[in-house]
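This report refers to the structure that appears directly beneath it.
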Amino acid sequence: MTTVAMPLSSMSGNGSTPIATASGLLALLSEPDPTLVQHALSKLLSVVDTLWHEVAEALPDLEAIAEGGALDDLGDDDDAAMAGDLYDDATRKTAAALASRVFFHLEEPRQALRLALESGEEHFDVLAPSERDGAYVERLVNAAIGEYVARKQREFDGSVEEEEKKEGEEEEELDMTKLQNVVHLMFQRCYTDGTYGHALGVAFEARECDKVAEILERLSSPSSGKDASGVLETLRYALDAAYNLIPSKAFRAEALELIAKSLVKVFGDSDASASAKRNAACTLVLCRQLLGDANAVGEIVVQLIDGSDGIGGDDDSALLGLQLCFDVIDSGDQAFVTKVASRLPRAGESTAAASNTIVEGSTAEGEEKVEVDDAGNAASPAVANERG
């Protein structure tokens with residue numbers, strides 16, 4: 001086979017002379033010498049962002065090299081039979097990276113991702129992409145997250161086999177282990193960048209309780225670099241996202257329970273400011289209310305009013321505790337209000353000695369009252385806004 005002559009400037013590896021066309025380098029891909037093929041692939045990879053439309057014509061050859069197969073141009077002779085053995089791992093990964101770039105420019109992210117997963121971290125660096133690779137990596141990471149989340153949701157819903165059969169008929173399946181590696185690297189990036197909200201969003205969508213727990217644990221640790229107010233801001237986002245975006249009741253309850261545990265840490269943090277603790281108390285009451293945990297809501301209110309366990313104890317905290325009682329009446333159902341009320345002491349009594357409790361609040365139709373006797377029974381005035 002005749003070797004195509006290339007100008008010295010084009011063959012040099014320093015990239016000082018721009019390449020106007022990729023035709024000469026593409027011709028080298030059919031050469032039997034693997035060194036020439038590797039050189040051509042490396043040069044093409046450096047110019048693919050501008051010459052991708054030319055490189056696109058060689059996509060079948062690039063994919064054949066990436067898979068370790070022989071090129072059609074080599075024919076059926078011994079060269080074709082040996083081609084798979086001639087291409088080393090580095091050559092195959094470079095071919096995969098080059099083909100992935102072309103598919104990226106063709107706006108086919110799934111195909112680009114499929115090949116990027118084969119190209120290795122040296123070509124697809126999720127943790128620290130270069131300035132040149134930024135848009136490429138971000139697009140493919142988003143594609144990986146989308147695919148990963150869809151798989152995890154099907155797994156959670158128990159519809160994996162049927163969906164995988166449908167997908168297999170339409171397009172090639174992506175390697176789940178490699179997808180998971182990309183997503184987990186994305187989580188590491190979020191930890192480094194402090195974008196815990198983004199990581200929680202992905203974990204929520206993927207229905208992964210273990211990841212939610214891991215993210216919240218890292219968020220609450222000193223290594224996160226966030227103070228109590230910063231942690232609370234993320235937890236508020238997490239609470240809103242969990243309640244509004246998670247359709248599964250079972251998973252939503254697990255996620256809310258994990259969020260509540262993190263809020264308890266802020267509420268009981270001796271180093272947190274009084275303001276942060278009060279804000280944590282408000283958010284924690286809402287979270288416990290969504291979980292239907294009336295006992296926990298009552299205990300939080302008592303802590304704010306009485307200043308027990310070193311929390312609250314001043315006028316602002318006591319007023320907040322009373323305001324939370326009004327909020328519970330405005331948004332809770334009668335049974336929930338009754339249970340919360342049973343945890344509260346009457347004026348002049350300690351929590352332990354409480355036998356009767358009265359909680360007053362306002363509704364759209366006027367003031368209402370819930371009275372709890374020694375047996376824990378309550379009167380039954382209707383609450384204007386019932387909790388869904």
Side-chain angles (χ1 to χ4, degrees), residues 45 48-49 93-94 96-98 100-101 103-105 107-153 155-156 174-242 245-246 251 255 258-259 262 265-266:
L45 188 58
V48 66
D49 291 331
K93 288 183 177 180
T94 304
L98 181 57
S100 175
R101 289 274 186 172
F103 277 118
F104 165 71
H105 288 291
E107 298 186 1
E108 295 188 35
R110 195 176 192 280
Q111 293 298 326
L113 175 61
R114 174 178 62 84
L115 288 153
L117 294 175
E118 301 298 328
S119 67
E121 293 184 11
E122 60 267 36
H123 298 294
F124 184 43
D125 189 350
V126 177
L127 287 177
S130 65
E131 183 177 352
R132 177 209 175 201
D133 294 343
Y136 166 77
V137 170
E138 290 303 313
R139 182 69 184 89
L140 297 197
V141 167
N142 288 336
I145 291 172
E147 181 74 18
Y148 180 80
V149 164
R151 299 264 196 95
K152 283 294 186 178
Q153 287 180 351
E155 181 181 320
F156 186 87
L174 297 176
D175 188 303
M176 185 57 176
T177 301
K178 292 179 179 179
L179 275 177
Q180 183 169 292
N181 288 339
V182 171
V183 175
H184 287 183
L185 286 173
M186 182 279 300
F187 283 134
Q188 293 298 325
R189 262 180 62 184
C190 289
Y191 301 152
T192 301
D193 298 340
T195 54
Y196 292 90
H198 179 57
L200 281 169
V202 174
F204 286 155
E205 290 192 44
R207 314 287 192 266
E208 290 192 288
C209 262
D210 57 337
K211 272 296 170 186
V212 174
E214 175 188 303
I215 295 165
L216 291 177
E217 185 67 29
R218 284 178 174 264
L219 172 66
S220 302
S221 68
S223 62
S224 70
K226 291 182 178 291
D227 59 11
S229 297
V231 171
L232 184 57
E233 181 180 357
T234 303
L235 291 175
R236 282 174 171 170
Y237 161 79
L239 178 61
D240 181 69
L245 302 180
I246 300 176
F251 179 71
L258 290 171
I259 294 168
S262 294
K265 292 180 181 179
V266 179

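Residues forming a salt bridge (Lys or Arg N to Asp or Glu O under 4.0 Å) with Glu118 (at least two apart in sequence, or on another chain): Lys178.
At least one side-chain heavy atom of Lys152 sits under 4.5 Å from a side-chain heavy atom of Met176. Contact check for Tyr148 versus Glu208: side-chain heavy atoms found under the 4.5 Å cut-off. In this structure, the side chains of Leu216 and Thr234 stay at 4.5 Å or more apart for every pair of heavy atoms. The shortest distance between side-chain heavy atoms of Phe124 and Val182 falls below 4.5 Å. Between His123 and Tyr136, every side-chain heavy-atom pair lies at or beyond the 4.5 Å cut-off. Counting heavy atoms from C-beta outward, Leu113 and Leu179 have side chains that approach closer than 4.5 Å.
Comment: Arg236 does not engage Glu233 in a salt bridge, judged by the lack of any side-chain N to carboxylate O separation of less than 4.0 angstrom. A salt bridge links Glu217 with Lys265: at least one charged nitrogen is closer than 4.0 Å to a carboxylate oxygen.
Between the side chain of Gln153 and the backbone N or O of Glu205 there is at least one donor-acceptor pair closer than 3.5 Å. Judged purely by atom type and a 3.5 angstrom limit, Ser100 has no side-chain atom pairing as donor or acceptor with the backbone of Ala96.
Once rounded to the nearest 0.5 Å, the distance linking CD of Gln180 with CD of Glu147 reads 13.5 Å. The NZ atom of Lys211 lies 5.5 Å from the CZ atom of Phe187; values are rounded to the nearest 0.5 Å. Taking CG of Leu235 as the start and CD1 of Ile259 as the end, the distance is 7.0 Å to the nearest 0.5 Å. Distance CG/Leu232 to OH/Tyr237: 15.5 Å, rounded to 0.5 Å.
Within 6.0 Å of CD on Glu122 lie more than 12 heavy atoms contributed by other residues, nucleotides or ligands. Applying the 6.0 Å contact sphere to CD of Glu108 captures more than 12 heavy atoms from other residues, nucleotides or ligands.
Partner of Phe204 under the side chain to side chain contact (heavy atoms under 4.5 Å, CB included) criterion, out of Leu245, Ile246, Val149, Ile215: Ile246 alone.
No hydrogens or angles considered: nothing links the side chains of Tyr191 and Ser223 as a donor-acceptor pair under 3.5 Å.
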Just distance, no hydrogens or angles: give the donor-acceptor pairs under 3.5 Å from side chains in residues 193-202, sequence neighbours left out.
none

Which donor-acceptor pairs under 3.5 Å do the side chains of residues 128-135 make with protein atoms, sequence neighbours left out?
residue: Ser130; atom: OG; partner: Asp133; partner atom: N; Å: 3.2
residue: Ser130; atom: OG; partner: Asp133; partner atom: OD2; Å: 3.2
residue: Arg132; atom: NE; partner: Asp49; partner atom: OD2; Å: 2.9
residue: Arg132; atom: NH2; partner: Leu45; partner atom: O; Å: 2.7
residue: Arg132; atom: NH2; partner: Asp49; partner atom: OD2; Å: 3.2
residue: Asp133; atom: OD1; partner: Arg101; partner atom: NH2; Å: 2.2

Run the numbers on Leu174 and Arg110 for side chain to side chain contact (heavy atoms under 4.5 Å, CB included), then give the verdict.
CA-CA 9 Å; Leu174 297 176; Arg110 195 176 192 280; 3.9 Å; yes
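Between Leu258 and Cys209, the shortest heavy-atom contact is CD1-O, 3.8 Å.
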